[in-house]
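Report on the following structure.
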There are 2 protein chains.
Amino acid sequence: MTEAHPIEEQIRAAFDEVSQRRTRPRRLIEQRLVEFAENETNFTVDDLWQDIRKDDPHLGRATVYRSIEKLVNKGLLNRVDFADGTHHYRVCGHSHHHHLTCNQCHRVVEVDICLPKEQLAKIGNQTDFTIEGHSLSLFGRCSECRTE
Amino acid sequence: MTEAHPIEEQIRAAFDEVSQRRTRPRRLIEQRLVEFAENETNFTVDDLWQDIRKDDPHLGRATVYRSIEKLVNKGLLNRVDFADGTHHYRVCGHSHHHHLTCNQCHRVVEVDICLPKEQLAKIGNQTDFTIEGHSLSLFGRCSECRTE
DNA sequence: TTTAGTGCAAAGGCTTTGCACACCG
DNA sequence: CGGTGTGCAAAGCCTTTGCACTAAA
């Protein structure tokens, strides 16, 4: 667990880049995001809001939406769409990786699996597309949910 | 363009399995789906509804939602979530493949790229998950949009 | 005739927006 | 102080649901 730039700094830096004032709401959001990042937890907008409201019951839902939107654009947060139509987010500033989600408990782990570069290149040629990106999610069942 | 079971039959068969009556709305939906399938077009619920309303202005939106839901469960339709939060569908009864979508014109082509089996197995072991499925989408820019 | 399937409109979630106010710098 | 960022509530989407009615078998 050694990092040149701990996640805390990354989050703070991202916030600094998308805003000019260090307000109370943003500090609170920052706090939670650090926690979520450390636990590699995924969360919904509402999760985050409910969580923050324990500290500040007057903080508005819209504020949370507004912050999340900015951080997603900045690339710090990753949006994951579940099959049931709900949207989840996770802190994902760092290196390229993908997610494996448990179909039952929705636990997420990061995995370092990806498409072979040569295959991507081949597809690019075949289709005459410039490949700019991809999204990959694995689904399965974790050991705990399997034994239940 | 030769197929033992043309897409038309596949669609009809899927409908037959999820319902008991061959109603006018379903026939209309069927028709459009065949077109969409042939053109490999992706569509939203609303696209489909608007399209059908040209033939039958009284057909209800809810009916379209209800049919799509059944066909998705049946596996005939594939749901694709775009980054902007919109949901698209495409007819996809057949073999395993993934999609490459143009970021600009949203044209979709099917590609036969996938994760290496050995890698999937390795991930399963490392994480102690039973891998049950995956979703993979490629994004890029098609030749036409690139040259504009 | 029976009842699956439909159409309509209302209700439900989630998300965005408008606007006056608060508070950071 | 000045203007960014906030809170609130209203409005907007997309989607689902309840219910009386239509029409397929």
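Only this structure's heavy atoms are used, side chains among them; waters, hydrogens and symmetry mates stay out. Letters go in sequence order (proteins before strands), and every chain restarts at 1. Values in this document were obtained by computation on a predicted structure and should not be read as measured data.
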In whole angstroms, the gap separating P of C:dC14 from CD1 of A:I68 amounts to 13 Å
Discussion item. Taking 4.0 Å as the cut-off, does a side-chain nitrogen or oxygen of A:T63 come that near to OP1 or OP2 on D:dG7?
Written reply: yes
Nearest heavy-atom contact between A:H99 and A:N78 is CE1-OD1, 4.4 Å
One should read off an interatomic distance between B:I131 CD1 and A:F139 CZ, to the nearest 0.5 angstrom, of 11.0 Å
State whether B:R26 places a side-chain N or O below 4.0 Å from either non-bridging phosphate oxygen (OP1 or OP2) of C:dG5. yes
Taken to the nearest whole Å, CG/B:L28 to P/C:dG5 is 16 Å
Taken to the nearest whole Å, OH/A:Y65 to C1'/D:dA11 is 14 Å
When rounded to whole Å, the CZ to P distance for the pair B:R24 and C:dT6 reads 12 Å
Regarding the side chain of A:L59, the nearest nucleotide among D:dG7, C:dA4, D:dG5 is D:dG7
note: A:E69, atom CD; C:dC14, atom C1'; distance rounded to Å ~ 14 Å
**Report entry** Presence of donor-acceptor pair under 3.5 Å, side chain of B:R66 and base of C:dG7
**Finding:** yes
By nearest-heavy-atom nucleotide on DNA chain C, the more 5' of A:A62 and B:Q20 is B:Q20
Is the base of D:dG5 touched by the side chain of A:R22 through a donor-acceptor pair closer than 3.5 angstrom?
no
Between CZ of B:R27 and C1' of D:dA25 the distance, given in whole Å, is 13 Å
Looking only at C:dG7, C:dC14, D:dA24, the nucleotide nearest the B:T23 side chain is D:dA24
If we only count heavy atoms from C-beta on, is the B:Q10 to B:I7 side-chain gap below 4.5 Å?
yes
Taken to the nearest whole Å, CG/A:D46 to C1'/C:dG12 is 14 Å
Classify the side chain of B:R21 versus the base of C:dT3 as yes if they form a donor-acceptor pair under 3.5 Å and no if they do not.
yes
| Under 4.0 Å between a side-chain N/O of B:H58 and OP1 or OP2 of C:dC8, yes or no? | yes
Angle between ring planes, A:H98 versus A:H134, binned at 30° and 60°: parallel, tilted or perpendicular? tilted
For A:W49 and A:G60, the nearest pair of non-hydrogen atoms, with its separation, is NE1-C, 3.5 Å
Taken to the nearest whole Å, CD1/B:I29 to P/C:dG5 is 12 Å
